[in-house]
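A short worksheet on the structure shown next.
The sequence lines fix the lettering, A, B, ..., with proteins before strands; numbering per chain opens at 1.
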Number of protein chains: 2
Amino acid sequence: MSLKHALLGFLSYNSMTGYQLKQYVDESVQHFWNASLSQIYPTLSQMEKEGLLTMEVEYQEEKPNRKIYHITDAGRQELQRWLREPTNLPSVREAFLIKVFFGGTMEKEDILSQMNQYLKLHRDLLAMYQGPVLEKMQQEAANLERDSFFWALTLEAGINLEKAWIEWLEESIEKIKKYATD
Amino acid sequence: MSLKHALLGFLSYNSMTGYQLKQYVDESVQHFWNASLSQIYPTLSQMEKEGLLTMEVEYQEEKPNRKIYHITDAGRQELQRWLREPTNLPSVREAFLIKVFFGGTMEKEDILSQMNQYLKLHRDLLAMYQGPVLEKMQQEAANLERDSFFWALTLEAGINLEKAWIEWLEESIEKIKKYATD
DNA sequence: ATTGACATGTAATACGTTACATGATTCC
DNA sequence: GGAATCATGTAACGTATTACATGTCAAT
């Protein structure tokens, strides 16, 4: 499970609560990872049991109490071990490409409608990545030049991949219009 | 679950066994879907219960008996319904990009080693997609022109995406060599 | 003799989503 | 008055992987 390692990564910058971790994940790595709160909370308490984190309860007036998690030495070691470990390709499950694969059993207008819908989804994603996300991230990391360098790299990965999708979708739509019967 | 729908797709071409389905999946859609036999067998018997398939036992001499699955009208209807249904983006979990995101906490040589390993994985994939896979698929579909048109499209998607990965990895490796400290 | 292809499955475990449950405060 | 933010969790369910289990035949 690398949710564990993503959380260790964020907690290596700063101690924080599960709720805050969710916000960081959504803001910064959401284009290649996501996690719900109902997955984060149990994972954190399990990590505490494993000795990767320690937990401290902060009693707040006028707001709910919160549990602040701190990374331990064992946690830092585990993060570093994982960062250096060889990485396998993730298993892909692209339902969309299954539909294209069986596109021969669909009418031309139906498959074109699918392609156009998916094109819109990817165009929206690209627009989002090219929007204010990067600047926001760079601001936050103003005093962490080296970090923001790598953050920018991951964003560029997302942008490149989205561009590849969009290119393929646009070309394929033209091909289907020209060559596909029906 | 779209494993169900992928299986329906293949069974809409031909009746076959779970073992054969596994082979088709591995040969033709393995770059965007994969399924183990221990997932396929229970799924098939569940689909039979749901009335999407019927099952026929073939008693073979000198070989194990086999269960041949046939798609029903309900199965064809469900496949067509699913093919036309809007498709959501799959949730991505790219552990590799998490490692890059926290690359700031790694030494330069360690992150470069990661990048080069991943580059090799993607180059191998690209080589595979550009190898004899396509010709093989087109041969099998010799009498199914329209099908092989869409099969080729999905392969091109894989090739485009791999090229995008490789480009990003190559550029990023250069950037890290030039700009990253340590 | 042993590996690989053929053929089917169960059980345990891991990972992830959705629904359910609670409760305060702040902003519109 | 109602929605959004802050804050934490449990339970049920769905999906997927890994390990375990069995057995034949053909080729090396």
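Between the two ends of the helix from C:dA1-D:dT28 to C:dC28-D:dG1, each summarised by a five-pair axis, the helix axis turns through 30° (rounded to 10 degrees).
Classification of the A:Trp168-A:Phe96 ring pair by plane angle, with boundaries at 30° and 60°, yields perpendicular. In this pair, A:Phe102 and B:Phe10 present their aromatic rings perpendicular. The plane angle is above 60°, beyond the 30 to 60° band. Ring geometry for B:Trp165 against B:His122 counts as parallel: the plane angle stays under 30°, on a 0 to 90° scale with 60° as the upper cut. Under the 30°/60° scheme for interplanar angles, the aromatic rings of A:Trp82 and A:His5 are found to lie parallel.
Taking side-chain N and O atoms only, B:Arg93 has a distance below 4.0 Å to OP1 or OP2 of C:dG16. Contact check, B:Gln39 against D:dT17: a side-chain N or O comes under 4.0 Å of OP1 or OP2.
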A correct 5'-to-3' footprint of nucleotides 3-12 of chain D, with B, S and - meaning base, sugar-phosphate only and no protein heavy atom under 4.0 Å, is --SBBBBB--

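Partners of B:Ile176 according to the side chain to side chain contact (heavy atoms under 4.5 Å, CB included) rule, which considers only residues two or more places apart in sequence or in another chain, are A:Phe149, A:Phe150, A:Leu153, B:Lys108, B:Ile111, B:Leu112, B:Met115, B:Ala180.
Going from atom CG of A:Asp147 over to atom OG1 of B:Thr105 covers 8.0 Å, rounded to the nearest 0.5 Å.
Looking at A:Glu162 and A:Tyr129, their side chains come closer than 4.5 Å, going by heavy atoms from C-beta outward. The shortest side-chain heavy-atom distance between A:Leu44 and A:Leu7 falls under the 4.5 Å cut-off.
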